[in-house]
Protein chains: 2
Amino acid sequence: MAYVIHLARPTCTPYSEEMVKRVPAIKTRLSPDVIVASAVALADTEGLEAVTIRRLAQEHEVTPMAMYWHFSDKEALLDGIAEYLIGAVRLPEPTDQPWDVQLRAILEAFLVAIRPHPSIAGLALKRILVCEPGLVLAERALGLLRAAGLSPDKSADVGTFLLCAVISLVANEPGPKRRVAGEEREEMIRHKMAGFAALPPSRYPNVLAAGKSLAVCADEDDYFAVNLDLLVAGVRGIRPA
Amino acid sequence: MAYVIHLARPTCTPYSEEMVKRVPAIKTRLSPDVIVASAVALADTEGLEAVTIRRLAQEHEVTPMAMYWHFSDKEALLDGIAEYLIGAVRLPEPTDQPWDVQLRAILEAFLVAIRPHPSIAGLALKRILVCEPGLVLAERALGLLRAAGLSPDKSADVGTFLLCAVISLVANEPGPKRRVAGEEREEMIRHKMAGFAALPPSRYPNVLAAGKSLAVCADEDDYFAVNLDLLVAGVRGIRPA
DNA sequence: ACCTGAACACCGTTCAAGT
DNA sequence: ACCTGAACACCGTTCAAGT
């Protein structure tokens, strides 16, 4: 039980401000889940490049090689992160509403789940079809596409793309990464706007008119809403007559 | 001129088979353009992870640090690769056809340009608005969206997403990466299909029906065509009445 | 102008070993 | 079952120096 007490002792090594936010006050026992959780937090605050076997080990006060007990390699860790992300999707129950309303709801549920984690959203792409919640998501989407009148093959093509599009919607929203803030963010935006201002107005009238909306994203919610609408309307538009 | 002769001598160090394809028989003078060209070729054959300052230096029989004369850092090299890609877009001339026909033509021109380079397509995302051919592309797209009746702000949101969607269309086409071929590719497909076959048919009828199209991408051309159609139809669908 | 050499702080990963 | 220690082959990058 001295062992248990040791595990539960408050960490008292000096932490930088950011680390305080991330690393738990209580040293928890290492496990795939807690590693994934800290990896997600790390990616959110410092980007996917910061998610490193060695860095995670350090945050858990453990040797890098300890990670290899819980994950066979880094790829497996990324799989774990993606599964966490996909598992966070809260699908609405099927209803008797028309297929387009339900499809929109499903895409939005997916978007809402991954939106807090733009830097790891891309990891979900190749991993949807290899975990249970992803398969459920795909099944629902495919069902609605069939209901819309698409053939099985077209449903597969379109369904793949729709999920892929939602991911790239959150992974690549315009403007500087959301996690850079304050003066630095302002500076990046100013720089981008200055680049636009130097353009010949006669050749780029529409780029200049869009100006600010291109450099920052005028309104994030609008950006997501209009493009989700676009995707659903697109399916509506390609149905066989 | 001994210098010139030295530059022109055929390389006679032993090459592996792949290197023969990639590295020019004549050792050319180092320049940003030839470095970018070999980086693109390297990414196409071995993926973006293989594009490394040290690896490129090695292929040009030069010290890694020599690269830093031509590019301030790796980011600048990636910028160069992206510019090359965007510069390869061959936009059709404006016509008096309706906006949707022209928009579809523009998106297709973009797709055709990047389709041969799926592993670096993603680099283009953040760099379209910082090089001349990218600005021209954006200007044309925005103009057509305005012609479709969208407000400047919505045009910006939608235009950003459309280009982003085309990129993710080629960067993430379903199935194993195109550059793995032959027996290895077959094996990966078999493995994925086996995963599907193990699913309970009652819970995943549509995934199973789509089966092969999800695991391989039944027809690449179809995949691109239907989803380009979807994007254009989507714009049509969200126009103000 | 263009490139080299040595060095630094990082990676992921293997293998043998400890408890 | 879970972790350590030493080692290897890689990264990007800086800085001083060569021609």
Side-chain angles (χ1 to χ4, degrees), chain A residues 1-9 11 13 16 18-19 23 27-36 38-39 42-43 46-82 119-120 123, chain B residues 1-9 11 13 16 18-19 23 26-39 42-43 46-82 119-120 123:
Chain A
M1 39 176 151
Y3 180 61
V4 171
I5 289 167
H6 172 73
L7 283 179
R9 78 161 204 281
T11 51
T13 37
S16 72
E18 309 99 274
M19 291 182 76
V23 85
K27 185 173 180 183
T28 54
R29 179 198 245 98
L30 220 47
S31 79
D33 284 345
V34 333
I35 295 174
V36 163
S38 60
L42 183 52
E46 302 189 32
L48 187 55
E49 328 81 64
V51 176
T52 258
I53 298 271
R54 295 179 111 103
R55 174 73 184 271
L56 287 170
Q58 179 184 321
E59 301 213 330
H60 287 281
E61 297 178 326
V62 108
T63 296
M65 292 63 90
M67 295 299 169
Y68 287 88
W69 179 260
H70 304 279
F71 296 97
S72 61
D73 56 9
K74 188 172 184 183
E75 195 63 13
L77 169 63
L78 298 179
D79 290 344
I81 296 175
S119 59
I120 50 179
L123 295 178
Chain B
M1 39 175 156
Y3 180 60
V4 171
I5 288 167
H6 172 73
L7 283 180
R9 79 162 203 278
T11 53
T13 37
S16 72
E18 310 98 274
M19 293 181 75
V23 88
I26 307 292
K27 182 173 177 181
T28 54
R29 180 199 246 94
L30 220 49
S31 78
D33 284 344
V34 332
I35 295 174
V36 163
S38 61
L42 183 52
E46 302 188 33
L48 186 55
E49 329 81 65
V51 176
T52 258
I53 299 272
R54 294 179 113 103
R55 174 74 184 271
L56 287 171
Q58 177 184 322
E59 301 213 331
H60 288 281
E61 296 178 325
V62 106
T63 293
M65 293 63 91
M67 295 299 172
Y68 288 88
W69 179 260
H70 304 280
F71 295 96
S72 60
D73 57 8
K74 190 173 183 184
E75 195 62 14
L77 169 64
L78 298 180
D79 290 345
I81 296 175
S119 59
I120 49 178
L123 296 178

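Letters go in sequence order (proteins before strands), and every chain restarts at 1. All figures in this text were calculated on a predicted structure; none of them were measured in a lab.
Side-chain proximity of B:R54 to D:dC3, D:dT13, C:dT13: nearest is D:dT13. Nearest nucleotide to the A:M65 side chain, out of C:dG12, D:dG5, C:dC3: D:dG5.
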Stepwise, does the side-chain contact (heavy atoms from CB on, under 4.5 Å) test hold for A:F71 with A:I53? CA-CA 10 Å; A:F71 296 97; A:I53 298 271; over 6 Å; no
List the steps, then state whether side-chain contact (heavy atoms from CB on, under 4.5 Å) holds for B:L77 with B:M67. CA-CA 9 Å; B:L77 169 64; B:M67 295 299 172; over 6 Å; no
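Contact annotation: A:T52 does not reach the phosphate of C:dC10 (side-chain N/O to OP1 or OP2, under 4.0 Å).
Taken from CG in A:L42 to CD1 in A:I35, the straight-line distance is 13.0 Å, to the nearest 0.5 Å.
Heavy atoms only, all atoms of each residue included: B:I81 and B:A39 are closest at CD1-CB, 3.7 Å. The shortest heavy-atom contact between A:A43 and A:S119 is O-OG, 2.9 Å.
Checked against A:S38 for a side-chain hydrogen bond (donor to acceptor under 3.5 Å, both in side chains), the options A:H60, A:R55, A:E59 give a single hit: A:H60.
When both pairing distances are held under 3.5 Å, D:dT19 makes a Watson-Crick or G-U pair with C:dA1. The base-pairing partner of D:dA6, taking Watson-Crick or G-U wobble contacts with both distances under 3.5 Å, is C:dT14.
Look at CZ on A:R55: it is 17 Å from C1' on C:dG12, rounded to the nearest Å. To the nearest angstrom, P of C:dG12 lies 12 Å from CD of A:Q58. Per the geometry, CD1 belonging to A:I53 stands 14 Å off P belonging to D:dC3, to the nearest Å. When rounded to the nearest whole Å, the span between CG of B:L56 and P of D:dC11 equals 10 Å. Per the geometry, CD belonging to B:E46 stands 13 Å off P belonging to D:dC10, to the nearest Å. Between B:E49 atom CD and C:dC11 atom C1' the separation is 15 Å, expressed in whole Å.
For DNA chain C, the neighbouring residues in residues 66-80 of chain B, judged by any heavy atom under 4.0 Å, are B:A66, B:W69, B:H70.
Remark: side-chain polar atoms of A:D73 are paired, donor with acceptor, to backbone N or O of A:A76 under 3.5 angstrom.
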